[in-house]
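Keep in mind it's a predicted model, so treat the numbers as computed, not measured.
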Amino acid sequence: MTLAIMTIAAVCSLRGLPMMAKEGSEMFFFIGFSAILFLLPAALVAAELGGAFSDQKGGVYTWVSAAFGSRWGFTAIWLQWIQNVVWYPSVLAFAAAALAYLIGRPELASSGAYTGIVIIVAYWAATFIALSGAGLASKVTSLGTLLGTILPGVLIIGLGVAWWLGGNPNHMNDVAQAGSHAHARFMPHLTDLSSLAFLGGIILLFAGVEVHAVHANELDKPSTQFPQAIFIAIAVILVLFGAGSMALAAMVPNAEIDLNQGLMQAYNVALTHFDMHWLLAPLGLFIAFGAFAGVMSWITGPSRGLLQTAQEGEIPPFLAKTNKNGVQIHILMVQGAIVTVLALLYFVLDNVSVAFFLLSAMTITLYLVMYMLMYAAGIKLRYTQPDLKRAYKVPGGNLGMWLIAGIGLLGVIFAFVVSFVPPNQLPIGNPTLYVALVAGGFIIFCGLPLVIHACKKPSWKVASDQGSPS
């Protein structure tokens, strides 16, 4: 049960509810695709790899290196790190929208300049808190998860149930209008790939399940208890995402749902209807704090994995520098500089929802390549290291691994392709520019680890060994 709760905490986030609600009743297709073709295979393959390499600190760097060598192992951990860096602006944009409701100026949530400023200020504040060490950061994270994710999540579901029981208008089927009659449609209307463009962004909401798979070998009976923990986690995640998205979709007309502030829009509609509008400002504070805590929970984790590679000489020793609290200061400074540059997109693009989804698309293209490497490593290691002790094994022998990892691989490849397609649900403007920005970001961030590895010098490891302490 503890492992199930840890997995739920790593995956669940309220910021994705508007994106799923935007699909109306078709959200069930996207949720089912994400659960069956992504969440379940990723959890099972990561559990096998995490248990097998737990004595080497686990993680995708170790897993992929064992299968394909250090070049691709470094590429995998780099992608896990850089996708988080690209993700930070979108989650802080969600916080900016909540803060706009706190101060009674909801129109600011549509302002790119306001959103960009909040992202930059909030991210650097989180960075300086992280530099103080794990104590304060963990307290902020725990309190923020409770007040900013669990409490508002339960409230939006409760408001949705009350809205439905009260016989109020249900906008869930707005997206499937047929003449003057709305009807439920559970499969996307496939005119072209643009109708599936949100698939990558929705899969991103389910990503991160591999983070706690390294704990599989700590269970008394990993072969039976780990699948139980994962199925419990998946069930809770699906209920929270599904029920929360349904509530939002029911209360806010589909055409008005904003990816950035959709959750606050739903609260505004419901709380006004139920004469509880006074709750809107405190909710804005809690949700913004929850998003900030989400950043705090991730800001040092993946970068810690990158620090490990720096100490092993995979990247320049400059990045191995830690402060007196043992925090990777130079990596966090580089991270902050990249986030600041990405936040400038909000100043340039007219539509905040477009900027939000553009960064989400760029994030998922990077993360999905990491999952491709993870699945491939799971299959290859069954043949190159068949005697490796595995606390948990994907059932069915090698055929079972091919089936589970193969399904996951097909799912992420398809999601990867559609992530480059401009969505028809948003006013993208120039489709060519959109594709160029997503593809350009992918090429730059995916190519950098290969260039760095090609330039690697033996002296980097020696320098890191001597200079990593502050």
Below 4.5 Å, heavy atoms only, C-beta onward: do [X] and [Y] meet side chain to side chain?
| X | Y | value |
| --- | --- | --- |
| Leu410 | Leu37 | no |
| Ile82 | Ile338 | yes |
| Phe445 | Val85 | no |
| Ile315 | Phe74 | yes |
| Asp258 | Pro18 | no |
| Tyr367 | Val412 | no |
| Met264 | Val269 | no |
| Val60 | Trp72 | no |

How close do [X] and [Y] get, counting heavy atoms only, and between which atoms?
| X | Y | answer |
| --- | --- | --- |
| Leu102 | Gly284 | CB-C, 4.4 Å |
| Val86 | Pro89 | O-CD, 3.1 Å |
| Leu319 | Leu307 | O-CD1, 4.0 Å |
| Val64 | Ala377 | CA-CB, 4.2 Å |
| Gln261 | Ala97 | CB-CB, 3.7 Å |
| Val295 | Val91 | CG2-CG1, 3.4 Å |

If we ignore hydrogens and angles and just use 3.5 Å, is the side chain of [X] paired with the main-chain N or O of [Y] as donor and acceptor?
| X | Y | result |
| --- | --- | --- |
| Ser65 | Thr62 | no |
| Lys22 | Asn254 | yes |
| Asn325 | Val327 | no |
| Tyr267 | Pro152 | yes |
| Ser245 | Gly242 | no |
| Asn170 | Trp164 | no |

- Item | For Arg71, all residues meeting salt bridge (Lys or Arg N to Asp or Glu O under 4.0 Å), sequence neighbours excluded | none
- Message: Once ring-ring contact (aromatic ring centres under 6.0 Å, His included) is applied, what residue pairs with a partner in residues 143-162 remain, sequence neighbours excluded?
- Response: none
Rounded to the nearest 0.5 Å, how far apart are [atom1] of [X] and [atom2] of [Y]?
| X | Y | atom1 | atom2 | result |
| --- | --- | --- | --- | --- |
| Thr363 | Leu342 | OG1 | CG | 8.5 Å |
| Leu263 | Tyr101 | CG | OH | 9.5 Å |
| Asn323 | His330 | CG | NE2 | 9.5 Å |
| Leu238 | Phe28 | CG | CZ | 11.0 Å |
| Leu359 | Ser90 | CG | OG | 6.0 Å |
| Ile287 | Arg15 | CD1 | CZ | 14.0 Å |

- Task: Report the C-alpha separation of Cys446 and Leu79 in whole Å, then their side-chain angles, then the decisive distance to 0.1 Å, and conclude whether the side chain to side chain contact (heavy atoms under 4.5 Å, CB included) test is met.
- Result: CA-CA 7 Å; Cys446 209; Leu79 291 172; 4.0 Å; yes
- Message: I want to know whether Tyr371 and Phe38 have ring centres closer than 6.0 Å.
- Response: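 Yes; Phe38 has its ring centre under 6.0 Å from that of Tyr371.
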- Task: Please lay out, stage by stage, how Met246 and Met27 fare under the test side chain to side chain contact (heavy atoms under 4.5 Å, CB included).
- Result: CA-CA 9 Å; Met246 287 171 62; Met27 74 173 74; 4.0 Å; yes
Just jot down the side chain to side chain donor-acceptor pair (under 3.5 Å) partners of [X], sequence neighbours excluded, or say none.
| X | value |
| --- | --- |
| Tyr375 | none |
| Trp78 | none |
| Gln265 | none |
| Asn84 | none |

Return the set of residues passing side chain to side chain contact (heavy atoms under 4.5 Å, CB included) with [X] (not counting sequence neighbours), or none when no residue passes.
| X | result |
| --- | --- |
| Trp124 | Ile120, Thr127, Phe128, Met333, Thr340 |
| Pro169 | Trp163, His171 |
| Leu279 | Leu271, Met276 |
| Ala247 | Ile156, Met251 |

- Query: In terms of heavy-atom contacts, does CD1 of Ile36 have more than 12 from other residues, nucleotides or ligands at under 6.0 Å?
  - Reply: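 Atom CD1 in Ile36 is not packed in, count stays at 12 or less.
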Report, one line per pair, each donor and acceptor closer than 3.5 Å where one atom sits in a side chain of residues 225-234; sequence neighbours left out.
unit_1	atom_1	unit_2	atom_2	d
Gln225	OE1	Asp220	N	3.0
Gln225	OE1	Lys221	N	2.8

- Task: Test Tyr123 against Val118 for side chain to side chain contact (heavy atoms under 4.5 Å, CB included), laying out the working first.
- Result: CA-CA 8 Å; Tyr123 186 80; Val118 171; over 6 Å; no
- Between Phe442 and Phe416, how do the two ring planes meet: parallel, tilted or perpendicular, split at 30° and 60°? perpendicular
- Message: Assess, by modelled atom type and distance only, whether the side chains of Gln80 and Tyr61 contain a donor and an acceptor separated by less than 3.5 Å.
- Response: no
- Task: For the pair Trp87 and Leu366, evaluate side chain to side chain contact (heavy atoms under 4.5 Å, CB included) and give the outcome as yes or no after the intermediate values.
- Result: CA-CA 11 Å; Trp87 168 80; Leu366 298 168; over 6 Å; no
- Item | Residue pairs passing the salt bridge (charged side-chain N to carboxylate O under 4.0 Å, His left out) test where at least one lies in residues 360-387, sequence neighbours excluded | Glu48-Arg382
